[in-house]
Number of protein chains: 2
Amino acid sequence: MLDFSATYTDQYQLAMSEVYFKKGQKDHTAVFDYYFRKLPYDGGYAIFAGLQDLLKIIEGLRFSEKDIEYLKEQDFDADFLEYLKDFKFRGNIYSVLEGDVVFPTRPILQVEANIIEAQIIETLLLNLLNFQTLIATKASRIKLVSGDRALLDFGLRRAQGPGGYYATRAAIIGGFNGTSNVIAGRDFHIPVSGTMAHSFIQSYDDELSAFRDFAEGRPKDCVLLVDTYDTLKSGLPNAIKVAKEMEERGHKLMAIRLDSGDLAYLSKESRKMLDKEGLDYVKIAASNQLEEDVIKSLLEQGARIDIFGVGTNLVIGRPNGALDGVYKLAYSNEKPRIKISENIVKITLPHKKQVYRLRDSAGKCVGGDLIALSEENEMNEMIHPFEPYKQMKLDRLKKEALLQPVMIGGKSKIEQKSLQEIAKYSADRLAEIPLEYKRFNNPHIYKIGISKALKQERDNLIDAFKK
Amino acid sequence: MLDFSATYTDQYQLAMSEVYFKKGQKDHTAVFDYYFRKLPYDGGYAIFAGLQDLLKIIEGLRFSEKDIEYLKEQDFDADFLEYLKDFKFRGNIYSVLEGDVVFPTRPILQVEANIIEAQIIETLLLNLLNFQTLIATKASRIKLVSGDRALLDFGLRRAQGPGGYYATRAAIIGGFNGTSNVIAGRDFHIPVSGTMAHSFIQSYDDELSAFRDFAEGRPKDCVLLVDTYDTLKSGLPNAIKVAKEMEERGHKLMAIRLDSGDLAYLSKESRKMLDKEGLDYVKIAASNQLEEDVIKSLLEQGARIDIFGVGTNLVIGRPNGALDGVYKLAYSNEKPRIKISENIVKITLPHKKQVYRLRDSAGKCVGGDLIALSEENEMNEMIHPFEPYKQMKLDRLKKEALLQPVMIGGKSKIEQKSLQEIAKYSADRLAEIPLEYKRFNNPHIYKIGISKALKQERDNLIDAFKK
């Protein structure tokens, strides 16, 4: 659906690239880290999403003739524009696999390429990964409280324009089962479903006639919206009547949908009314400003809801709306690089790196990831990146390397997975993370540390700067 | 850039359409109102945006062969799919002009079409208008506090995926001057600009060399980022040095950019240092988590900032993230329609309608919009839609009709305007709205009322329902 071009970037990427080009620096290799500093939703973890899209888009990223023409009008240098005509990303990307559980500070992905290519893809990379990670994390939280109940994305109408297309994709990675978004269903092979709108019922003179027509027209996946006039006095009795008429024709009413009023009370009453009529197979769907806290609370109060339709709060990742992912230079011009800051947590980590998930001898995740230099082998301790007196011995722990080569020489090296496979991987990875990191209120803080050698390299660079 | 298809919709639009088709109701005319219930940002007004995009996309909206194939797999009826092959929107749209100031409850736009066409475009319409209106309103608020200072959108990297494309467009309507977003600049003819990133400076062994190369490579629009090491001790002295070297070559440093630390203090100190060196022409740009409240406070403290770069908070419309715009049936099957609700503010208004802005005899906006039946002429009073004892005489007021035919028979009838023209119109319209509605804290509530005849029609329908 989206026709991405290499102009899907910030102007300064091109301005800097032009200078690198003019100053003979276009071929020097740079390494950038992608990571975020703060977990969204005050939660204890995030779900990494967007990688497969990103790699596919990067593989095809070019400046079209129209782009070059436009940049010419913008007064870019003619030789530089000649160079951009042949632009494609020829670098390497090392990344955590899509769907994995990720934490702040540590690199999720590293780009290794000539500095112009690495700069030009920055904006696109941040744009896609920040957003999908934000939404997959939101979906995962909703999934955590919903157990085996079905979760459907209903958010396209309130999404941030075409952001909704990727929101739907990310929701599936986080654990959603389906969507109302037809174009996302078409392109990402997501089960698409829906119910009916109030307008359908309003367009008839009475609710019963509307229900009857709908049940006759869509007998296989009929869901009746019961709150247009009065849920328990009109909607339910009419739905029951139509369900029985459907039975006579050999069909089954799939579900009713509640979209207003107290969903806990109405779902319990609806369940009773349906069961009393032998309609225990009719499911109850609910929607209306749902999110994880509301769903948790509804279920704690015994709500009898089988299907949750979640819209706005999911697709815009409320309340955060954005993940603060950054892309920081770690190596260039044959030297490790750091960014100095008065704020120590903003000092970056130099060099090409590897990240390891720490496990005990039985393979169980111990709640920590280690960041080390990529060529290191013997890491015996992990040091807090900003509070060096906090250390941890690693002798008895296994180290699982997380950054894998996902693109080499501009070609994707990952196995193409369906969203359902990515979601399954994500669920398995999340299941390994101890419960205390998945708590909503004041979750335990997952440990992130650096190796002694990495700390030494960083401290050397800080010292050199001080001189 | 975006390849919209008619599957950019919710599944239930197609399910309902299939039933209308099968039940012989496909040709009945429906009227839907687009409006929102709550102003974003606890503000007193909103800026309507997205119309020109929407009309263009609707004109070209079709089901492709791929779409039809997909819907076939989704088990839609073969005859219905034949019908969809010829789908295009052939209806009428009446709307407020893009950029106008709008308020809750009252229709911003009306769709009049056969019910299938009206349903299929619903999701797209809400998706585009809700989001752009949200962002144009945010931009307008930022503009209100920034006066004549330049405002630049820097948000693409933190935007909700390709939502960022439209966020940039809407920002210009709300009063922004430019963007860093190259592809939006290319397609919407928006001035594109940028500065440099920290990575550029880090990739050099020292800041001065980086500044020198950048100034030589981009002499016409050189903005130097001065906070990589130490703003006042390193960044400014180096920028001043380079500015003087540029002067020797007949160039001028355009600006410096501050991106961390206390922007009020640093901008004042920077101004002094620049002025002392005769560099009073060098502008000061600032960025870092800016939004209207922060900018207001910085300026109150005398910050010497000429250019504000606004990112995340603008492009995701923080803190709301979504506008709650709805699309409600007002007329179908040759009858006026309403949606009943226990919550009176959710009861809809029946019939095709017109909306009027009320002005005194001198043409001055009096702070109220009237909703009336479209065929009414003599409206002598305005009644509060939910509190009927609140009434207002209209004898001496002029009424400006706001809903204009913008699409007739599926063809756009609006004059194509540039974004700058729309922004100008928006600024003029906003200037007409009295100040008290533009206050940030506890703004005055703009009056929305209905005509006596519309009230009568609505009350009749409520009475009929009660029976």
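Only a predicted model underlies this, so the values are computations on that prediction, with no experimental measurement involved. Throughout, protein chains are lettered first and strands after them, A, B, ... in sequence-line order, and every chain is numbered starting at 1. These numbers come from the heavy atoms of this one structure, side chains and all, not from hydrogens, waters or symmetry mates.
By the ring-ring contact (aromatic ring centres under 6.0 Å, His included) test, His28(A) is found to be paired with Tyr20(A), residues two or more places apart in sequence or in another chain being considered.
Thr312(B) touches chain A through its side chain: at least one heavy atom from C-beta onward sits under 4.5 Å away, while N, CA, C and O do not. For Asp213(A), the parts sitting under 4.5 Å from any heavy atom of chain B are the backbone and the side chain alike. Proximity to chain A (any heavy atom under 4.5 Å) is shown, for Ile201(B), by neither the backbone nor the side chain. Residue contact with chain B, scored on non-hydrogen atoms closer than 4.5 Å, involves the side chain of Ile115(A) exclusively. For chain B, no part of Phe80(A) is nearby; none of its heavy atoms comes within less than 4.5 Å. The contact between Val315(A) and chain B is made entirely by backbone atoms, counting heavy-atom distances below 4.5 Å. Using a 4.5 Å cut-off between heavy atoms, Glu18(A) contacts chain B through its side chain alone, with no backbone atom that close.
With rounding to the nearest 0.5 Å, the separation of OH in Tyr8(B) from CZ in Arg186(A) is 12.0 Å. Atoms OG1 and CD1, from Thr123(B) and Ile183(A) in turn, are 11.5 Å apart once rounded to the nearest 0.5 Å. Taking CG of Asp75(A) as the reference point, atom CZ of Arg218(B) lies at 7.5 Å (rounded to 0.5 Å). Note that OG of Ser193(A) and CD of Gln11(B) are 6.0 Å apart. Values are rounded to the nearest 0.5 Å. If you take CD on Gln119(A) and CZ on Phe200(B), they are separated by 9.5 Å, rounding to the nearest 0.5 Å. One finds the CZ atom of Arg158(A) at 11.5 Å from the CG atom of Leu134(B) (value rounded to the nearest 0.5 Å).
Counting heavy-atom pairs closer than 4.5 Å to chain B, the top residue among His198(A), Lys220(A), Lys22(A) is His198(A). In terms of heavy-atom pairs under 4.5 angstrom with chain A, the leader among Leu156(B), Asn130(B), Val192(B), Asn333(B) is Leu156(B). Of the listed residues Gly217(B), Ala197(B), Gly164(B), the one with more heavy-atom pairs under 4.5 angstrom with chain A than any other is Ala197(B). Most heavy-atom pairs under 4.5 Å with chain B: of the set Asp67(A), Leu128(A), Leu14(A), this distinction falls to Asp67(A). Taking Gly317(B), Pro319(B), Gly185(B) one by one and counting their heavy-atom pairs under 4.5 Å with chain A, the maximum is reached by Gly185(B). In terms of heavy-atom pairs under 4.5 Å with chain B, the best-connected choice from Asp230(A), Asp206(A), Thr195(A) is Thr195(A). Heavy-atom pairs under 4.5 Å with chain A were tallied for Ala184(B), Gly194(B), Gly155(B); the largest tally goes to Gly194(B). Comparing Gln132(A), Gln74(A), Glu122(A), Gln13(A) by heavy-atom pairs within less than 4.5 Å of chain B, the highest count is held by Glu122(A). Ranked by heavy-atom pairs under 4.5 Å with chain A, the first of Phe21(B), Phe154(B), Tyr331(B), Phe76(B) is Phe76(B). Of the residues considered (Ser199(B), Ala167(B), Ala464(B), Ala159(B)), Ser199(B) shows the highest number of contacts with chain A, using heavy-atom pairs under 4.5 Å.
The closest side-chain heavy-atom distance from Pro162(A) to Tyr165(B) is not below 4.5 Å. Taking 4.5 Å as the limit, every side-chain heavy atom of Asp10(B) sits out of range of all side-chain heavy atoms of Val182(A). Within the 4.5 Å cutoff, the side chain of Tyr12(B) has no heavy atoms near those of the Leu225(A) side chain. Side-chain contact between Arg157(B) and Thr9(A) is absent, with no heavy atoms from C-beta onward closer than 4.5 Å. The shortest distance between side-chain heavy atoms of Ser203(B) and Lys335(A) does not fall below 4.5 Å. Between Asp187(A) and Lys66(B), the closest side-chain pair of non-hydrogen atoms falls below 4.5 Å.
Side-chain atoms of Asn127(A) come within 3.5 Å of backbone atoms of Gly161(B) as a donor-acceptor pair (strictly under, hydrogens ignored). Using modelled atom types, one side-chain atom of Gln160(A) and one backbone atom of Gly321(B) make a donor-acceptor pair closer than 3.5 Å.
Atom CD of Glu73(B) has more than 12 heavy atoms from other residues, nucleotides or ligands within 6.0 Å.
A salt bridge between Lys23(B) and Glu216(A) is present, with a side-chain N of the basic residue lying under 4.0 Å from a carboxylate O of the acidic one. With salt bridges taken as basic N to acidic carboxylate O contacts below 4.0 Å, none links Asp227(A) and Lys339(B). With respect to the salt-bridge test (charged N to carboxylate O, under 4.0 angstrom), the residues Asp205(A) and Arg337(B) qualify.
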Could you walk me through whether Lys346(B) and Ser260(A) pass the side-chain contact (heavy atoms from CB on, under 4.5 Å) test, one step at a time? CA-CA 11 Å; Lys346(B) 288 198 164 184; Ser260(A) 60; 5.8 Å; no

Could you list the donor-acceptor pairs under 3.5 angstrom formed by side chains in residues 322-329 of chain B, with sequence neighbours left out?
| from | atom 1 | to | atom 2 | distance (Å) |
| --- | --- | --- | --- | --- |
| Asp324(B) | OD1 | Arg37(B) | N | 3.2 |
| Tyr327(B) | OH | Ala118(B) | O | 2.7 |

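In terms of heavy-atom proximity, Arg318(B) sits nearest to Asn320(A) at NH2-O, 2.8 Å.
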